[in-house]
Amino acid sequence: MTDAVAADGHGQTEALSTPLIALHRELGGKLVDFAGYLLPVQYPAGIMTEHKHCRDSAALFDVSHMGQVELTGEGADSALERLVPGELLKLGVGRQRYGFLTNEAGGILDDLIVARLPDRLFVVVNGACKRADIAHLQAKLPGVTVTELSDRALIALQGPKAVEALARHAPAAAELSFLSIAEMDLAGVPALVSRSGYSGEDGFEISLPTERAEEVARLLLAEPEVMPAGLGARDSLRLEAGLCLYGHDLTPETTPVEAGLAWAIGKRRRAEGGFPGAEVILRQLAEGPPRRRVGLRPEGRAPVREGAALFDAEGQAVGSVTSGGFGPTVGGPVAMGYVTAELATPGGQLFAEVRGKRLPVTVADLPFVQQRYVK
């Protein structure tokens with residue numbers, strides 16, 4: 001896996017490969033370009049089967065396109081707090097926290113996970129943003145060493161039986177609580193394992209050396225509980241769980257308060273500020289935002305996709321859909337979007353424009369399915 005995107009003879013960029021590319025092809029994965037990487041959108045079993053298997057048992061995802069970064073140096077946590085609204089000074093060793101980089105307008109540059117290890121901070125950022133994120137961190141954190149871990153892969157084992165499958169090879173994983181992280185031996189491979197994920201289910205994210213990634217993936221796939229799953233199932237799982245996708249539900253024009261992510265802004269940070277966009281974000285916390293992210297349940301069976309405009313009963317434009325599709329667990333279409341704050345109450349009816357027709361949708365609570373993280 002390389003850091004730079006290679007150019008072909010026509011000046012076009014070629015998608016990069018993750019360390020599991022040969023395995024994806026062997027398993028019949030349908031490969032697509034996602035965030036500059038060739039990744040499987042699905043395997044022969046199909047998105048519906050992969051989704052349901054993750055909800056019922058365990059599924060393995062390749063998320064090696066994500067950016068893995070280490071921050072070292074005295075005061076790295078306080079320095080990073082100047083870029084994110086989260087509380088990092090009190091983040092304990094072996095714990096991780098969800099957060100986001102913000103801009104001066106209060107918008108979200110990227111969402112991320114920050115973990116504290118004994119001698120460093122470990123940060124995971126979105127694949128499509130990692131070049132910009134790393135440059136931003138390097139420019140804004142003088143005195144802190146920012147290192148991309150380009151020699152490591154990242155795989156996610158998600159589902160209620162993930163712990164059974166993983167613990168056979170890494171017994172220490174079963175001792176982790178939600179949002180805990182630890183370095184451990186995984187069948188002889190040194191791995192950094194966190195109990196977290198993007199499915200709404202219990203699960204683990206496993207960082208490990210690229211040259212051992214296929215070996216570990218095959219080991220886990222050989223467990224009776226586990227099947228491979230692709231981007232399609234990952235998207236439907238996170239949508240049902242009410243989790244945001246950067247570039248869609250979160251953008252540089254979206255504030256954390258509008259997105260319903262104010263829970264990730266610590267009490268001390270609310271009092272002190274000191275992060276980009278604090279004036280806007282703290283004002284919205286006090287007065288309320290002009291719009292809010294909501295769940296949407298379209299009537300009938302037809303999904304309402306990203307970009308669909310939303311209207312009120314009088315035909316006034318009131319927002320738009322940012323994620324949408326079929327929810328296999330829900331058994332029908334689900335969507336998320338932003339609407340003016342006064343229309344964000346669950347139970348209200350709006351209309352989504354789909355192929356020139358306005359279809360009724362109901363504002364719904366998020367998540368659409370209960371999140372089942374381990375305590």
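One-based numbering along the sequence shown.
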So, does [X] use its side chain to make a donor-acceptor pair with the main chain of [Y] at under 3.5 Å?
X    : Y    : value
E50  : Y43  : yes
R269 : E81  : yes
R116 : K90  : no
N126 : D111 : yes
E287 : L282 : no
H53  : E225 : yes
T49  : G46  : no
E240 : V330 : yes
E258 : T255 : yes
Y246 : I108 : yes

| Could you give all pairs that pass the ring-ring contact (aromatic ring centres under 6.0 Å, His included) test and reach residues 325-375, with sequence neighbours left out? |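 Every pair satisfying ring-ring contact (aromatic ring centres under 6.0 Å, His included) with a residue in residues 325-375: F178-Y373.
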
Closest approach of [X] and [Y], non-hydrogen atoms and distance?
X    : Y    : answer
A278 : G273 : CB-CA, 4.2 Å
A335 : V321 : CB-CG1, 4.1 Å
P298 : P333 : CD-O, 3.4 Å
V84  : F275 : O-CB, 3.7 Å
G197 : E205 : CA-OE2, 3.8 Å
A344 : V363 : O-CG1, 3.7 Å

Do [X] and [Y] have side chains that get closer than 4.5 Å, going by heavy atoms?
X    : Y    : value
P228 : P40  : no
H51  : T329 : yes
L250 : F100 : no
L296 : L310 : yes
V374 : V163 : no
V41  : F34  : no
I21  : L31  : yes
I281 : I265 : yes

Roughly how far apart are [X] [atom1] and [Y] [atom2], rounded to 0.5 Å?
X    : Y    : atom1 : atom2 : value
E279 : E104 : CD    : CD    : 10.0 Å
L109 : L83  : CG    : CG    : 9.0 Å
T72  : L121 : OG1   : CG    : 9.0 Å
T322 : D249 : OG1   : CG    : 3.5 Å
L366 : L239 : CG    : CG    : 8.5 Å
L221 : L23  : CG    : CG    : 6.0 Å

Under a 4.0 Å N-O cut-off, is there an ion pair linking [X] with [Y]?
X    : Y    : result
R270 : E87  : no
R218 : E26  : yes
E201 : R55  : yes
R120 : E183 : yes

| request: Please check if any side-chain donor atom of H65 sits under 3.5 Å from a side-chain acceptor atom of T18, or the reverse. | output: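 No, no side-chain donor-acceptor contact under 3.5 Å.
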
| Regarding S180 and R95, is there a side-chain donor-to-acceptor distance under 3.5 Å anywhere? |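 Looking only at side-chain atoms, R95 and S180 do form a donor-acceptor pair, the distance falling under 3.5 Å.
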
| task | Could you list all the salt bridge (Lys or Arg N to Asp or Glu O under 4.0 Å) pairs where at least one residue sits in residues 292-306, not counting sequence neighbours? | result |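 Every pair satisfying salt bridge (Lys or Arg N to Asp or Glu O under 4.0 Å) with a residue in residues 292-306: there are none.
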
| Does NZ or CZ of R358 fall inside the cone over F311's six-membered ring, less than 6.0 Å from its centre and within 45° of the axis? |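 Satisfied, under 6.0 Å and within 45°.
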
| field | Test side chain to side chain contact (heavy atoms under 4.5 Å, CB included) applied to L141 and L71, step by step | value | CA-CA 9 Å; L141 299 179; L71 305 182; 4.2 Å; yes

Is it the case that one hydrophobic cluster holds both [X] and [Y], taking links as side-chain heavy atoms less than 4.5 Å apart, direct or via other members?
X    : Y    : answer
V294 : L359 : yes
V69  : L80  : yes
Y198 : Y98  : no
V189 : L154 : no
L220 : L176 : yes

| field | Verdict with supporting geometry, L186 and L166, side chain to side chain contact (heavy atoms under 4.5 Å, CB included) | value | CA-CA 8 Å; L186 198 175; L166 182 57; 3.9 Å; yes

| task | Using the side chain to side chain contact (heavy atoms under 4.5 Å, CB included) rule, take V63 and R234 through it: C-alpha gap first, then chi angles, then the decisive distance, then the call. | result | CA-CA 10 Å; V63 290; R234 190 167 182 257; 3.5 Å; yes

| task | May I ask you to list the residues sharing a hydrophobic cluster with M227, side-chain cutoff 4.5 Å, ordered by chain and number? | result |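 Reading the cluster by chain and number, M227 sits alone, since nothing else belongs.
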
| query | Around E215, counting heavy atoms of other residues, nucleotides and ligands shown, do more than 12 lie under 6.0 Å from its CD? | reply |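 Above 12, so yes.
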
| message | Please evaluate residues C54 and F61 with respect to the criterion side chain to side chain contact (heavy atoms under 4.5 Å, CB included), reporting the C-alpha separation (whole Å), side-chain torsions for both, the decisive distance (0.1 Å), and the verdict. | response | CA-CA 10 Å; C54 185; F61 301 84; 4.2 Å; yes

